[in-house]
Amino acid sequence: MSNTKKSNMRDMTAGNPMSLIIGFAIPLIMGSIFQQLYNLVDTIIVGKYLGLSALSAVGSTGSVTFLILGFCMGMCQGFGIPVAQKFGAQRYDSMRKYIANASYLARGMSAVITVRTVLLCRTILTVMKTPADIIDGSYAYLVIIFAGIPFTVLYNTLSSFIRALGDSKTPFKFLVLSAVLNVILDLVFIIVLKIGVAGAAYATIISQAVSGILCLIYMKNRYPVLKFEKGELAIVGRKMRKLCMMGLPMGLQFSITAIGTVMLQSAVNSLGTVYVASYTATQKIKQFAMAPFDGFASASATFVSQNLGAGNLDRIPQGVKSATIVSEIYGFVVGLIFMTVGGRLALIFVDAAEVEVLSLVTLNLKCVSFFFMIVAALNVIRMSVQGLGYSGLAMIAGLSELIARGVMALFVIPATGYIGVCFTDQTAWIAATVVVSVEFLAIMKKLRAAKSAKA
């Protein structure tokens, strides 16, 4: 691969799986952490400088933001699967054609989704039973975030291509820069210019735009393997269909999971502003702590995709096992921290005088603590199933999460109150892990049988 020496691209079809997984995952983990800083810094500054109502306004949009942006990010991740497979097979001409066609799909998707969501913001918040005292702030934040969807799609599409080529360092570098920019813009918009929760939204989308533009410039200048030749930029229906078959199920999986989260958020909204604030703080802490899980899972997905393209079926379980082990160890450590001192982390978002909010956050974090070992395995196995090209089956696990969250939101939480909220995510994780584990074993059995039949 002489045409890739000047870049950070990595061939994962040879070498020790554990070393490859860890080496690839570290920049992804750091990138995920800095990506969480976008939301974390927004929440800290909003909570400290704008007050509890503003914190609730931003927090009440979290589930619907995940619903829409999660679909976009899932689609973008799916677009990277055929790219990684062709890279592993060293079919660079076909790889470039997939990249071109994925770019066309991403542009069309972002345009349609942006227009629809911006127009429906107020309706969405009303349907979610957003409290009247925070709905205006929620709308101001949400409409700006949705208007910035093209920037979100730009970054996530390009970063999925870069990761498919085995380069996990470059997206991390740009995210670090963007995180710093996000902090600066938050302070300027909220504290100096005093434009309220809208300032936090502006800071987020501007930072996301910078990440995407920098990725584009870098890819054009540093990846010789991505120099398009004549005919490679043409629209190819067959490749479009395969990209949709990979991307749509992954996007829908995110959305299906998010629908359950929206149902949960609606149930929390009905409990009142204090519960919304405590749930918001808890979710921010959990999301930040869970960022490394995405890194290990993405590393496994890239490892699996490249080795499937190269025909190295025996290496696939080795990579999945390695990613699961390191993810489980991290999950145990996080659980221990949440069980012992988790409640103190809420002081990042709210003042010590908010005793009731702090108490509810502490309860929620203790309830979720050691269940992180379950979600650790879930993320790795699910992303590995997607890396094998079975995004549709991975979506079934998302359906099981939706059903579990729906049952909790509709029946358990109204009967038990906030304690039901505290155990909703865990119930969904357990249901999805059972489903996706069975799927992975069945897929590997099918692939081995197909390979034996050809031998």
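For the residue pair Gln318 / Asp314, no side-chain donor-acceptor distance below 3.5 Å is found, with atom types taken as modelled. Side chains of Gln253 and Gln386: a donor-acceptor N/O pair is present below 3.5 angstrom, by distance only.
When all heavy atoms of Phe146 and Val64 are compared, the pair lying nearest together is CZ-O, 4.1 Å. The two residues Ala297 and Asn379 have their closest heavy-atom pair at CB-O, 3.3 Å. Closest of all the heavy-atom pairs between Met290 and Val375 is CE-CG2, 3.9 Å. Considering every non-hydrogen atom in both Ser211 and Phe174, the closest pair reads OG-O, 3.6 Å. The shortest non-hydrogen separation linking Pro249 to Gly392 is CB-N, 3.6 Å. Nearest heavy-atom pair across Leu313 and Pro317 is O-CD, 3.2 Å.
Among residues at least two apart or in separate chains, side-chain hydrogen bond (donor to acceptor under 3.5 Å, both in side chains) pairs with a member in residues 424-435 are Lys286-Asp425, Arg405-Asp425.
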For a side-chain contact (heavy atoms from CB on, under 4.5 Å) check, start with the C-alpha distance between Tyr218 and Lys173, then their side-chain angles and the critical distance, and finish with the verdict. CA-CA 11 Å; Tyr218 186 90; Lys173 293 176 182 177; 5.6 Å; no
Yes or no on side-chain contact (heavy atoms from CB on, under 4.5 Å) for Leu308 and Leu447, after CA distance, side-chain angles and deciding distance? CA-CA 9 Å; Leu308 178 65; Leu447 291 173; 4.2 Å; yes
Take Thr130 and Ser138 through the test side chain to side chain donor-acceptor pair (under 3.5 Å) and record every step on the way to the result. CA-CA 8 Å; Thr130 305; Ser138 298; 5.3 Å; no
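In this structure the side chain of Tyr98 never reaches within 4.5 angstrom of the side chain of Met95, judged on heavy atoms. At a threshold of 4.5 Å between non-hydrogen side-chain atoms, the residues Asn307 and Phe303 count as touching.
Judged by distance alone, with hydrogens and angles left aside, the side-chain atoms of Asp167 form no donor-acceptor pair with the main-chain N or O of Arg163 at under 3.5 Å. Side chain of Ser168 to backbone of Phe24: a donor-acceptor contact under 3.5 angstrom is found. Panel note: side chain Arg315, backbone Met12; a donor-acceptor pair is recorded below 3.5 Å. Listed for the Thr302 side chain is no donor-acceptor partner under 3.5 Å among the backbone atoms of Ala299. Between the side chain of Ser391 and the backbone N or O of Met246, at least one donor-acceptor pair lies under 3.5 Å. Judged by distance alone, the side chain of Lys451 and the main-chain N or O of Gly311 form a donor-acceptor pair under 3.5 Å. Under a 3.5 Å cut-off, the side chain of Ser110 and the backbone N or O of Arg107 do form a donor-acceptor pair. Without hydrogens or angle criteria, Ser178 side chain to Gln208 main chain gives no donor-acceptor distance under 3.5 Å.
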Which pairs would a plain distance check flag for residues 115-122, meaning a side-chain donor or acceptor within less than 3.5 Å of a matching protein atom at least two apart in sequence or in another chain?
unit_1	atom_1	unit_2	atom_2	d
Thr117	OG1	Ile113	O	2.7
Thr117	OG1	Thr114	O	3.2
Arg122	NH1	Asp136	OD1	3.1

Pairs of donor and acceptor atoms involving the side chains of residues 229-238, under 3.5 Å and at least two apart or interchain, shall be tabulated with distances.
unit_1	atom_1	unit_2	atom_2	d
Glu232	OE1	Arg96	NE	2.7
Glu232	OE1	Glu229	N	2.8
Glu232	OE2	Arg96	NE	3.4
Glu232	OE2	Arg96	NH2	3.2

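With sequence neighbours left out, the ring pair (Phe, Tyr, Trp, His ring centres under 6.0 Å) criterion links Phe371 to no other residue. Judged as a side-chain contact (heavy atoms from CB on, under 4.5 Å), and not counting sequence neighbours, the contacts of Ser322 are Pro17, Met18, Ile21. Residues that satisfy the side chain to side chain donor-acceptor pair (under 3.5 Å) test with Asn16, not counting sequence neighbours, are Ser19.
Few gaps surround CZ on Phe172; more than 12 heavy atoms of other groups in view lie less than 6.0 Å from it. By the 6.0 Å contact criterion, OH on Tyr330 is enclosed, its count of non-hydrogen atoms from other residues, nucleotides or ligands being greater than 12.
For Phe370 and Phe338, the gap between ring centers reaches or exceeds 6.0 Å.
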